[in-house]
Amino acid sequence: MAMFESLSKRLEGIFNNLSGQGKLTEEDVNAALREVRIALIEADVNLKVARQFVERVKEKAIGADVLGSLSPAQQVLSIVNDELIEVLGGTEGKNKLELSGNPPVIMLVGLQGSGKTTTAAKLGRYLRDKQGMRPLLVAADMYRPAAVNQLKALGKQLQLPVYWEQMGADPVDICVNALEHAREQACNVIILDTAGRLNIDERMMEEVRTIRSRVQPHEVLLVADAMTGQEAVRVAKDFNEAVSLTGMILTKMDGDARGGAALSIRAVTGLPVKFMGVGEKTDALVPFHPDRLASRILGM
Amino acid sequence: QESDQITDEMWEELEDLMLAADIGPNTTSWLLKRLHQRVEEEHMQTGSQVQQALREELTALLGKPTPLHFSQTSPLTVILVIGVNGSGKTTSIAKMANRLTNEGHKVILAAGDTFRAAAIDQLKEWGERINVPVISQSPNSDPGAVVYDALQAAQNRGSDVLIVDTAGRLHTKYNLMEELRKINKIIQKFVPDGPHELLMVIDATTGQNALLQARKFAEHIGLTGVVITKMDSTAKGGFAFAVADDLGVPIKFIGTGEKVGDLIPFDPKSFVSALFAEE
Ligand SMILES: Nc1nc2c(ncn2[C@@H]2O[C@H](COP(=O)(O)OP(=O)(O)OP(=O)(O)O)[C@@H](O)[C@H]2O)c(=O)[nH]1
Ligand SMILES: Nc1nc2c(ncn2[C@@H]2O[C@H](COP(=O)(O)OP(=O)(O)OP(=O)(O)O)[C@@H](O)[C@H]2O)c(=O)[nH]1
Ligand SMILES: [K+]
Ligand SMILES: [Mg+2]
Ligand SMILES: [Mg+2]
């Protein structure tokens with residue numbers, strides 16, 4: 001995707017018609033920021049978030065010196081890029097999982113098909129191989145056909161234990177029972193795979209709320225598809241209100257989605273991105289780097 | 001209504017409405033230009049007239065509703081269902097199979113996703129629920145071989161519709177796209193004019209990536225239609241306008257839930273109305 005080229009070309013086109021000498025004027029900057037706003041929306045950044053973002057960039061850009069080596073277009077891009085990294089990056093350490101509970105419980109929630117079950121397996125593998133922990137995967141989706149089998153199959157592939165109950169069991173009970181089971185099995189981290197649900201499905205949101213209050217997980221992570229569009233903000237807000245999220249995992253970043261949804265979610269909720277999913281296999285999970293996502297959103 | 005005038009504010013509201021619905025900057029700016037032009041030509045006086053014109057333009061972009069296409073020459077119609085990971089292919093297949101069965105067709109399913117954990121079990125469980133046979137092999141077997149088996153089974157059993165489930169794949173993965181081409185060829189060996197439908201399933205919550213997906217799938221093996229799932233979400237599925245218009249591929253069905261009955265034939269008018277609906 002040559003979006004960055006086209007953004008930088010578009011910016012250069014604008015500045016070519018202007019004086020482009022000395023300092024950036026408000027007029028220069030306004031014209032440039034219109035293009036930036038469009039590029040952000042093309043990258044699926046939420047409309048309102050894009051607007052606020054551009055306002056902040058504007059303050060920094062007006063009056064900025066156009067230095068010898070950088071063209072005005074590059075100057076604006078660099079301010080935009082720095083600001084994107086700023087919004088995306090938490091302070092150091094925020095991207096790490098909270099693993100100090102006894103045992104720590106990680107709960108995955110999100111819309112249907114976002115990648116929760118796959119991510120549960122990936123996290124299990126990661127925590128075992130990279131942190132030497134003994135994870136227990138918990139199959140708490142009683143709705144999707146073969147959801148339990150899916151997690152069981154992944155557990156078998158990875159030789160990780162999976163706690164599951166017969167069809168028809170109550171997901172809240174399953175999660176509570178799993179805590180007990182983890183103790184018996186000497187597992188020292190628990191990963192809850194919950195069913196996919198819409199943020200506006202009252203009954204299903206009540207279910208995750210109850211699991212949260214009964215189990216008191218240390219991490220409640222929103223698993224969000226990198227291809228999500230404008231609704232990402234609303235989805236994240238609703239989930240955050242219902243279960244007080246602690247972070248998000250952005251999946252399917254191995255394609256060409258720009259991932260603007262993550263910026264939107266981060267801007268609106270302040271939640272850190274903890275990991276990115278970069279493939280279907282269970283090793284395709286990587287730590288999050290704000291600068292890489294910033295470049296990606298800009299199509300660099 | 002206090003004011004129904006054509007103001008800058010009204011134009012901004014329309015722009016926001018379109019962008020917030022994932023219609024995308026390109027299509028939105030094209031539509032706004034077109035509307036400005038129509039306001040002049042048709043001497044429109046009120047905001048309501050402009051909104052009405054927008055509804056017309058949007059509906060026109062979606063094209064005419066197009067029902068499923070059945071083979072005219074072969075006793076078997078083959079429907080190949082493709083799309084990126086997690087979009088709702090398997091569930092939509094169950095819904096379509098149920099619908100077609102209720103309409104009197106003899107349907108059979110092929111569990112062509114041999115890769116994802118328990119994908120075969122998932123389709124089989126749906127098959128049991130809706131009482132439709134599912135042809136499958138063991139996990140990690142060759143999807144082409146499964147499709148071959150299913151084509152044979154369909155002929156032996158006298159089925160008139162075969163729906164093939166495939167593994168989710170990102171449109172950027174060349175090898176996986178090539179695999180679809182192979183499946184296509186196997187189908188054509190049995191049924192030369194098949195597959196009769198190449199349906200791409202897209203999640204309504206998708207943003208601008210949807211158009212890239214549709215383009216790539218169309219380039220690689222062609223598309224005859226699109227199914228938009230999860231329209232029961234808060235998303236509006238605005239990418240549909242660019243997909244239908246740019247690629248000329250009709251939207252055939254809308255998924256509105258996780259139950260087997262939650263699939264409705266696409267209706268451009270109500271799709272456009274839903275864009276304007278307040279939540
Ligand atoms: N390419 C790619 N595919 C992924 C990634 N993460 C998950 N998937 C795929 O996305 C699809 C959906 O993943 P699941 O783990 O079943 O999603 P889920 O959120 O558990 O789905 P529900 O339980 O139905 O809500 C599967 O085909 C996964 O293989 C990723 O990072 N990259
Ligand atoms: N709310 C809602 N959920 C849906 C709809 N269609 C499918 N789903 C859910 O979305 C999730 C993924 O659906 P699948 O049918 O497994 O998707 P898929 O495309 O086959 O996924 P992969 O094979 O992993 O690529 C499941 O939880 C489904 O129940 C819909 O119209 N509305
Ligand atoms: K909707
Ligand atoms: Mg799942
Ligand atoms: Mg599937």
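By convention in this document, chain letters (A, B, ...) are assigned in the order of the sequence lines, proteins followed by strands, and residues within each chain are numbered from 1.
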Separation between NZ of B:Lys230 and CD of A:Glu231, rounded to the nearest 0.5 Å: 14.0 Å
Could you tell me whether the side chain of B:Leu19 reaches within less than 4.5 Å of the side chain of A:Gln230, counting heavy atoms only? no
For A:Arg51, which atoms come within 4.5 Å of any heavy atom of chain B: side chain, backbone, both, or neither? side chain
Answer yes or no: are there more than 12 heavy-atom neighbours, outside B:Arg55 itself, under 6.0 Å from its atom CZ? yes
Around atom NZ of B:Lys252, are there more than 12 heavy atoms from other residues, nucleotides or ligands closer than 6.0 Å? yes
Against chain A, label B:Gln208 side chain, backbone, both or neither, depending on which of its atoms sit under 4.5 Å from a heavy atom there. both
Considering only heavy atoms, which portion of B:Ile202 lies under 4.5 Å from any heavy atom of chain A: side chain, backbone, both, or neither? neither
So, the part of A:Asp254 with a heavy atom under 4.5 Å from chain B: the answer is both
What's the separation between atom CG in B:Asp232 and atom CG in A:Asp201, rounded to the nearest 0.5 Å? 8.5 Å
If you count heavy-atom pairs within less than 4.5 Å of chain A, which of B:Ala119, B:Ala118, B:Ser87, B:Gly207 leads? B:Gly207
Is it the side chain or the backbone of B:Glu15 that comes within 4.5 Å of chain A heavy atoms, both, or neither? side chain
If you count heavy-atom pairs under 4.5 Å with chain A, which of B:Leu123, B:Asp203, B:Asp22 comes out on top? B:Asp22
Ranking A:Gly115, A:Gly255, A:Ala147 by heavy-atom pairs under 4.5 Å to chain B gives rank one to A:Gly255
Most heavy-atom pairs under 4.5 angstrom with chain B, which of A:Ala257, A:Ala153, A:Gly260? A:Ala257
For the residue pair A:Lys252 and B:Val84, establish whether any side-chain heavy-atom pair is separated by less than 4.5 Å. no
Near B:Glu9 CD, under 6.0 Å, is it more than 12 heavy atoms from other residues, nucleotides or ligands? no
Spacing of CG belonging to B:Leu170 relative to CD belonging to A:Glu280, to within rounding of 0.5 Å: 6.5 Å
Please classify the contact between B:Glu258 and chain A as side chain, backbone, both or neither, with a heavy-atom cut-off of under 4.5 Å. side chain
Selection from A:Ala146, A:Gly113, A:Pro145, A:Gly229 maximising heavy-atom pairs under 4.5 Å formed with chain B: A:Pro145
A:Leu151 versus chain B, the contacting section by heavy-atom distance below 4.5 Å: neither
Heaviest contributor of heavy-atom pairs below 4.5 Å to chain A, chosen from B:Ala21, B:Gly86, B:Ala117, is B:Ala117
Please look at A:Leu47 and chain B and tell me whether the side chain, the backbone, both or neither of the residue comes under 4.5 angstrom of a heavy atom of that chain. side chain
Shortest non-hydrogen contact from B:Arg129 toward A:Tyr143: NH2-O, 4.1 Å
Answer key: most heavy-atom pairs under 4.5 Å with chain A among B:Asp121, B:Thr28, B:Asp16, B:Asn26 is B:Asp16
Residue pair B:Arg116 / A:Gln150, side-chain heavy-atom distance below 4.5 Å: yes
Go through the atoms of A:Leu198 and report whether side chain, backbone, both or neither lie under 4.5 Å from a heavy atom of chain B. side chain
Where does B:Phe239 contact chain A at under 4.5 Å (heavy atoms): side chain, backbone, both or neither? neither
Taking atom NZ of A:Lys48 as the centre, report whether more than 12 heavy atoms of other residues, nucleotides or ligands fall under 6.0 Å from it. no
So, the part of B:Lys173 with a heavy atom under 4.5 Å from chain A: the answer is side chain
Please determine whether the number of non-hydrogen atoms from other residues, nucleotides or ligands lying under 6.0 Å from atom CG of B:Asn102 exceeds 12. yes
May I ask you to check whether A:Asp256 and B:Asn209 show a side-chain donor-acceptor distance below 3.5 Å? yes
For the residue pair B:Thr205 and A:Asp225, establish whether any side-chain heavy-atom pair is separated by less than 4.5 Å. no
